[in-house]
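Given the structure is predicted, the values throughout are model-derived calculations rather than measurements.
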There are 2 protein chains.
Amino acid sequence: MRQPVEDLDPQSAANVAETLQALATPSRLRILAKLRAGPLPVTELAEAVGMEQSAVSHQLRLLRTLGLVTGTRNGRSIIYRLYDNHVAQLLDEAVYHSEHLRLGLTDR
Amino acid sequence: MRQPVEDLDPQSAANVAETLQALATPSRLRILAKLRAGPLPVTELAEAVGMEQSAVSHQLRLLRTLGLVTGTRNGRSIIYRLYDNHVAQLLDEAVYHSEHLRLGLTDR
DNA sequence: AGAACATATGAAGATGTCTTCAATTATGGG
DNA sequence: CCCATAATTGAAGACATCTTCATATGTTCT
């Protein structure tokens, strides 16, 4: 069990919000989900999620800046992967709870 | 331990993104954090987080629509509370992982 | 019913976000 | 060295989001 959030000062709230923002678009969620399954170079990622390569690259920059993913060059390509297990867990938990909340929405 | 996210079709991604969007602004995070500590009427909430009543009300509508909070009228006021424990957990976990990710960011 | 309090709502403006297009940088092979 | 491939970058447009201000709705009390 996690420590309950007692309060959230404006600064912390801003930090958390910034990180969560990274998980708050379909495109980035799909990118992260793919990376959750294993490292991928940008081109393959783009193909896998059905986005333009440039769009993926822009989103990867955001995710990199926020520390959610890392890219390491390998020859011509750059292999992206989730930064660490916290990202994977956060993703799993977000999906899990979202699904449950959505269930609650339908039967009301 | 949670079920790993294997893949995320566009529709599911959109659903999850919509829910996470609700946690992706400082103002809503602070509102939710306050409610995590206990139910509150709008005015007190507004005061507690230092926002205008109208702004809080607008955000509460969003949170209500997404099923994260519920409001029950009690006399003149309407008491808001988190919808269920999934919301509380999601909030806790989001804060927890965000903090850890931010730590990883600084020492690089 | 009228006054006062609590909340919701709508419209509008400022700001932010996402994608696309075009151009640029980086790497490896012939 | 030049070409093809891989990825990044910047600018711009379309669109969404958040707050504010003004107004409306609902509730209680006298």
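Note on A:Tyr80: a side-chain N or O is less than 4.0 Å away from OP1 or OP2 of D:dT8. Contact between the side-chain N/O atoms of A:Arg61 and the OP1/OP2 oxygens of D:dT9 is found at a separation under 4.0 Å.
Under the side chain to side chain contact (heavy atoms under 4.5 Å, CB included) test applied with A:Leu60, the options A:Leu45, A:Leu68, A:Thr65 reduce to a single match, A:Leu45.
In this model, no donor atom of one side chain and acceptor atom of the other lie less than 3.5 Å apart for A:Ser77 and A:Asn74. Side-chain atoms of B:Asn15 and B:Ser12 form no donor-acceptor pair, as typed in the model, at a separation below 3.5 Å. Between B:Tyr80 and B:Arg64, the side chains place a donor N or O and an acceptor N or O closer than 3.5 Å (distance only, hydrogens not considered).
Using a 30° and 60° split on the angle between ring planes, B:His97 and A:His86 fall in the perpendicular class, above 60°.
Scanning DNA chain C 5' to 3' for nucleotides with an atom closer than 4.0 angstrom to a non-hydrogen atom of chain A gives a first and last hit of C:dC18 to C:dG29.
We find the OG1-CG distance between A:Thr19 and B:Leu23 to be 12.0 Å, quoted to the nearest 0.5 Å.
Looking at which nucleotide of DNA chain C each of B:Ile79 and A:Leu62 is closest to, the 5′-most match is held by B:Ile79.
Atoms CD (A:Glu47) and C1' (D:dA7) sit 16 Å apart, rounded to a whole Å. In this structure, CG of B:Leu29 is placed 11 Å from P of D:dC18, rounded to the nearest angstrom. Rounded to a whole Å, the CD1 atom of A:Ile78 is 9 Å from the P atom of D:dT9. Rounded to an integer number of Å, the gap from CZ of B:Arg30 to C1' of D:dT19 is 15 Å.
The closest donor-acceptor contact from the side chain of A:Arg81 to the backbone of A:Gly71 lies at 3.5 Å or more, if one exists at all. Side chain of A:Arg36 to backbone of A:Gly38: no donor-acceptor contact under 3.5 angstrom is found.
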Strictly under 4.0 angstrom, non-hydrogen atoms only: write out the protein contact profile of nucleotides 21-30 of chain D, one letter per nucleotide from the 5' end, B, S or -.
BB---SSBS-
